[in-house]
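Below you'll find the structure, written out as C-alpha cells, and then a few comments.
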Amino acid sequence: MMMKVLLSGGDFERSLKVRRTAALAMLAVGLVGYACYFLLVPGSSLSNYAQGFYLGAATGITAGSLVLLLRSHYLLTHPEARQRAKIQETDERTMHITRSAFMAAGFITFFASAAALFVVLPLSMDAFRALLSVMILYCLMFVAARAWLSKKL
C-alpha cells in the first residue's frame, strides 16, 4: 500500500514501471540481507535475536518485493486488469482513506515514540538516542515534504 501512495502519479502505466523498478531494488536489498545472513552471521558473536533479524528481514523484504514485482508485471501485461486496478487506485474515496490512514499512523507512531522516550531513557541511553533521532528525522522529513508539496501543488 505504501508503494502505491509513494509511486502513484498521473500516468498509471509509468507508475507501474516505476513500481517494478522499485521492486527490483527491494529484491536486491533482500538478497543482500540473505548474503549477510549466510556469509557473515554464522561466524559472528551476534545474539540469536540479531541473527533472526537478518533472516526475518531478508525474507520479508524479498517476499514483499516479489509480490510487488509479480503484480506490477501482471498489470503491465494484462490491459483489462490494469484498467480495473487503475480505476480502483484512482478512486477519490480510496485515496482519501489511504491518506487519512497514513496521517493517523504517523500521528500515533510519533506520540507513541515520545511516550517510549520516558520508558527507554533509564534503561538504555543508546536506545533513547536512536528513538530521539528517529523522531527528529520524522520532524525534518515532515518540514521538507511540506515545503516540497507547497511548491509542487
For residues 109-118, which side-chain donor-acceptor pairs fall under 3.5 Å, sequence neighbours excluded?
| from | atom 1 | to | atom 2 | distance (Å) |
| --- | --- | --- | --- | --- |
| T109 | OG1 | A105 | O | 2.7 |
| S113 | OG | T109 | O | 2.8 |

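- By the side-chain contact (heavy atoms from CB on, under 4.5 Å) test, L27 pairs with L31, T62, S65, L66, sequence neighbours left out.
- Grouped with L40 in a hydrophobic cluster is no other residue, since no side-chain heavy-atom contact under 4.5 Å to another Ile, Leu, Val, Met, Phe, Trp or Tyr is found.
- Looking only at distances, a side-chain donor or acceptor of T21 sits under 3.5 Å from a matching main-chain atom of K17.
- Contact check on E13 versus R20 returns no salt bridge, with no Lys/Arg side-chain nitrogen under 4.0 Å from an Asp/Glu carboxylate oxygen.
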Under 3.5 Å, sequence neighbours excluded: what are the donor-acceptor pairs made by side chains of residues 132-153?
| from | atom 1 | to | atom 2 | distance (Å) |
| --- | --- | --- | --- | --- |
| S133 | OG | R129 | O | 2.7 |
| S150 | OG | R146 | O | 3.3 |
| S150 | OG | A147 | O | 2.8 |

Donor-acceptor pairs under 3.5 angstrom involving side-chain atoms of residues 73-84: please list them, not counting sequence neighbours.
| from | atom 1 | to | atom 2 | distance (Å) |
| --- | --- | --- | --- | --- |
| T77 | OG1 | H73 | O | 3.0 |
| T77 | OG1 | Y74 | O | 3.1 |
| H78 | ND1 | Y74 | O | 3.0 |
| R82 | NH1 | L75 | O | 3.2 |
| R82 | NH1 | L76 | O | 2.9 |

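- Between the side chain of Q51 and the backbone N or O of P42 there is no donor-acceptor pair closer than 3.5 Å.
- Listed by chain and number, the hydrophobic cluster partners of I97 come to none, as no ILVMFWY side chain reaches under 4.5 Å of it.
- For residues 47-72, there are no ring-ring contact (aromatic ring centres under 6.0 Å, His included) pairs, not counting sequence neighbours.
- Hydrophobic cluster of M103: no remaining members, since no ILVMFWY side chain lies below 4.5 Å from it.
- Listed by first then second residue, pairs satisfying salt bridge (Lys or Arg N to Asp or Glu O under 4.0 Å) with a partner in residues 37-60 number zero, not counting sequence neighbours.
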- Item | Audit row: H96, E92, side chain to side chain contact (heavy atoms under 4.5 Å, CB included) steps and yes/no | CA-CA 6 Å; H96 178 71; E92 287 186 30; over 6 Å; no

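- The distance from the CZ atom of R71 to the CZ atom of R19 is 7.5 Å, given to the nearest 0.5 Å.
- With rounding to the nearest 0.5 angstrom, the OG1 atom of T98 is 9.5 Å from the CG atom of D91.
- Every pair tested for salt bridge (Lys or Arg N to Asp or Glu O under 4.0 Å) that includes a residue from residues 40-56 fails, sequence neighbours excluded, so the list is empty.
- In this structure, L16 CG and L68 CG are separated by 9.5 Å, a value rounded to the nearest 0.5 Å.
- Legend: residues meeting side-chain hydrogen bond (donor to acceptor under 3.5 Å, both in side chains) with T59, ordered by chain and number and at least two apart, are Y34.
- In terms of heavy atoms, G30 sits closest to A58 at O-CB, 3.6 Å.
- For residues 27-55, the set of pairs meeting the salt bridge (Lys or Arg N to Asp or Glu O under 4.0 Å) definition, not counting sequence neighbours, is empty.
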